[in-house]
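Below is one structure, written out as structure tokens; the observations come after it.
Per chain, numbering begins at 1; letters A, B, ... match sequence-line order.
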There are 2 protein chains.
Amino acid sequence: MSNSNKRLYRQIADKILLLIESGVYPVGSRLPSERELAERFSVSRPTIREAVIALEAKGRVTVRTGSGVYVVEPSVEFAGLAGLAKSVSPFELIESRVFIEGEAAALAAVLITDSQLTQLGKALEDMALENIEGDPVSVVADRKFHSIISEATNNRVLSLLISQLWDVQEELDNIRLAHQAVCMKDDAQRLAEHRAIFDAMVEKDSNKARTAMRNHFSRMLTALHETIEQEAVSEVQRKVSQMRERFPVGRMDL
Amino acid sequence: MSNSNKRLYRQIADKILLLIESGVYPVGSRLPSERELAERFSVSRPTIREAVIALEAKGRVTVRTGSGVYVVEPSVEFAGLAGLAKSVSPFELIESRVFIEGEAAALAAVLITDSQLTQLGKALEDMALENIEGDPVSVVADRKFHSIISEATNNRVLSLLISQLWDVQEELDNIRLAHQAVCMKDDAQRLAEHRAIFDAMVEKDSNKARTAMRNHFSRMLTALHETIEQEAVSEVQRKVSQMRERFPVGRMDL
DNA sequence: CCGCAACATTGTCTTACCAATTTGTATGTG
DNA sequence: CACATACAAATTGGTAAGACAATGTTGCGG
């Protein structure tokens, strides 16, 4: 079934968006008139209007009355952190998290309440239990753990930033796989690292908390390096073997 | 003219949004039917549809075919940093910037190129010249200064974050006024602080850079505290004097 | 009490029509 | 020829009425 059950205007909006992003309608150019688009996509004019309005709300086009619909430069306001996933390397992301979550941990250490502390301990237990069996490494307890800390800072900007960076991370396949690889490779150490962070929180020791958090991330970073390297190597091997099939050495003798 | 020249669907969407945010239609509740809304706002049904689609694109409602349109909890994804300005205190924002820009400065100190260093020096000179006369304190050179540093980190996530936080700050009147107040009160010190940051960069001294940046922000924070306090005081005075006019003491004798 | 069928409600999409605005072009005037 | 004005074509803005599909509701019969 190519016919999805999504609403029509959405399908049209997606198609138009595809045309925009593939360069058919570059930034600044004018889209065909409503009637023209209606005919091209075999829908009515109101539906086109709805699709255009949806694109307008997303900040991808502007409508000039009596003139036409124009493609606009996607601005930071609308692209936000969500659209960042495609253009940014996993290293940059993790590096940011080192700094931000490191400082958040330092701040949280002196602000965390007893109630939050028990929640944190609970999350730690869950992490231990979560992956006792089963391949698909779960990170919900992991995220919960970091989330509690970010909320303990009592700074909504900080916790929003942290949660957004986590969202971006989960969209980045590289990083998600690397994260999984790390967890599977040495889950005990992951737990130990989180426990170190937890202990620092209990002691309300800022510096200890910051250091523990940074250690946690720096191990993730090195693990990511390794995974990416391995991936690159196997990619090269794959290509070489393809080449070998495509151009067998024996051929030369023909 | 109460009748704005905005497009009709936008006006309707704004009105509905107002009703949602004022609690008339709480989260989870169902909006009146298209036909009903059309009658209530004296517009046609397609216009209501367009308004609803706009709200849907903004993530404020979901529409269930055959059932109705429902108000949804505004999620981080859609609220983003842009909509953050309204719900967040200036203190939280500045605190975040202390941490993030502090670490950015520390990182930049060891990564900054000679070319960026000269740009930074140029921005510093501009800052000195900029406000030599004229009341409206300009911050373009200031922002440029911080922007160069954030770019010197070679981390696009970090520099995007910093630029977004700056955007939010410029939308917050409190903070903008406080910033201006600080600059006007003691512009020489502002320059000195920036020069300290610059010097640390020249020496490529991470710790010095971090400390200098944090000092810069912490002075902003205390200044902000003072301004807010003054504002609150004068607000109270204003209300008291209003009361005095409204309920003059002489009235009692009538 | 449960299941199912008929009915009412609601969103979905279309066709058709007219109004308001912009924009290019011709035309007239200096 | 240069420039301003008027007009016409193109385009979006908005409305009206109706057919259709998905969903919820009601009441009937078992």
Side-chain angles (χ1 to χ4, degrees), chain A residues 1-20 24-73, chain B residues 1-20 24-73:
Chain A
M1 263 208 268
S2 111
N3 188 12
S4 62
N5 47 8
K6 273 193 302 188
R7 302 212 263 140
L8 230 201
Y9 89 84
R10 249 173 195 265
Q11 301 176 35
I12 303 300
D14 287 344
K15 285 182 186 173
I16 295 177
L17 199 57
L18 209 64
L19 291 176
I20 289 175
V24 178
Y25 302 126
V27 170
S29 70
R30 212 207 76 181
L31 261 51
S33 73
E34 286 182 351
R35 281 151 178 101
E36 217 169 312
L37 288 170
E39 198 175 347
R40 182 167 328 170
F41 292 116
S42 305
V43 298
S44 69
R45 208 167 69 86
T47 301
I48 293 293
R49 279 175 63 86
E50 289 173 359
V52 168
I53 284 170
L55 292 177
E56 193 181 22
K58 283 185 186 167
R60 305 300 301 252
V61 301
T62 57
V63 178
R64 291 216 287 267
T65 305
S67 173
V69 182
Y70 296 84
V71 181
V72 302
E73 186 86 36
Chain B
M1 260 210 270
S2 115
N3 186 12
S4 62
N5 46 11
K6 276 194 299 186
R7 304 225 268 140
L8 230 200
Y9 88 83
R10 253 178 196 274
Q11 302 176 35
I12 302 299
D14 287 344
K15 285 182 186 172
I16 296 178
L17 199 56
L18 209 63
L19 290 177
I20 290 176
V24 179
Y25 302 126
V27 170
S29 70
R30 212 206 75 181
L31 262 50
S33 71
E34 284 183 352
R35 292 161 175 88
E36 212 168 318
L37 287 171
E39 199 175 342
R40 185 171 320 177
F41 292 114
S42 305
V43 297
S44 68
R45 244 158 42 87
T47 301
I48 294 291
R49 273 178 68 77
E50 290 175 344
V52 168
I53 285 170
L55 292 177
E56 192 182 23
K58 283 186 188 168
R60 305 299 303 251
V61 301
T62 56
V63 0
R64 290 213 286 268
T65 305
S67 173
V69 353
Y70 297 82
V71 181
V72 302
E73 185 86 35

**OP:** Measure the spacing between CD of B/E73 and CZ of B/R60 and express it to the nearest 0.5 Å.
**Re:** 9.5 Å
**OP:** Side-chain contact test, heavy atoms from C-beta onward, threshold under 4.5 Å: evaluate it for B/D14 versus B/L18 and give yes or no.
**Re:** no
Counting only pairs under 3.5 Å, give me each side-chain donor-acceptor contact of residues 36-46 of chain A, with atom names and distances, residues two or more places apart or in other chains.
residue: A/R40; atom: NH1; partner: A/Y25; partner atom: OH; Å: 3.0
residue: A/S44; atom: OG; partner: A/T47; partner atom: OG1; Å: 3.2
residue: A/R45; atom: NH1; partner: A/E34; partner atom: OE1; Å: 2.4

Original post:
Do B/E56 and A/Y9 come within less than 4.5 Å of each other through their side chains, counting heavy atoms only?
Top reply: yes
**OP:** Let me know which of B/V72, B/I53, B/I20, B/I16 forms a side-chain contact (heavy atoms from CB on, under 4.5 Å) with B/V61.
**Re:** B/I20
Pairs: protein N or O with nucleotides 7-14 of chain C N or O, under 3.5 Å:
residue: C/dG11; atom: OP2; partner: B/E34; partner atom: N; Å: 2.9
residue: C/dG11; atom: O4'; partner: B/G66; partner atom: N; Å: 3.3
residue: C/dG11; atom: N7; partner: B/R35; partner atom: NH1; Å: 2.9
residue: C/dG11; atom: O6; partner: B/R35; partner atom: NH2; Å: 3.0
residue: C/dT12; atom: OP1; partner: A/R7; partner atom: NE; Å: 3.0
residue: C/dT12; atom: OP1; partner: A/R7; partner atom: NH1; Å: 3.0
residue: C/dT12; atom: OP2; partner: A/R7; partner atom: NH1; Å: 3.1
residue: C/dT12; atom: OP2; partner: B/R49; partner atom: NH1; Å: 3.1
residue: C/dT12; atom: O4; partner: B/R45; partner atom: NH2; Å: 2.9
residue: C/dC13; atom: OP1; partner: A/L8; partner atom: N; Å: 2.7
residue: C/dT14; atom: OP2; partner: A/S44; partner atom: N; Å: 3.1
residue: C/dT14; atom: OP2; partner: A/S44; partner atom: OG; Å: 2.7
residue: C/dT14; atom: OP2; partner: A/T47; partner atom: OG1; Å: 2.4

Original post:
Nearest heavy-atom pair of B/A51 and B/A13: which atoms, and what distance?
Top reply: CB-N, 3.7 Å
Can you give each donor-acceptor pair under 3.5 Å made by side-chain atoms of residues 62-70 of chain A, sequence neighbours left out, with the distance rounded to 0.1 Å?
residue: A/S67; atom: OG; partner: A/Y70; partner atom: OH; Å: 2.5

Polar atom pairs (N or O), protein with nucleotides 5-9 of chain D, under 3.5 Å:
none

Original post:
In Å, rounded to the nearest 0.5 Å, how long is the span from CD1 of A/I12 to CG of A/L17?
Top reply: 12.5 Å
**OP:** Please state how far atom CD1 in A/I48 lies from atom P in D/dG14, giving the value in whole angstrom units.
**Re:** 17 Å
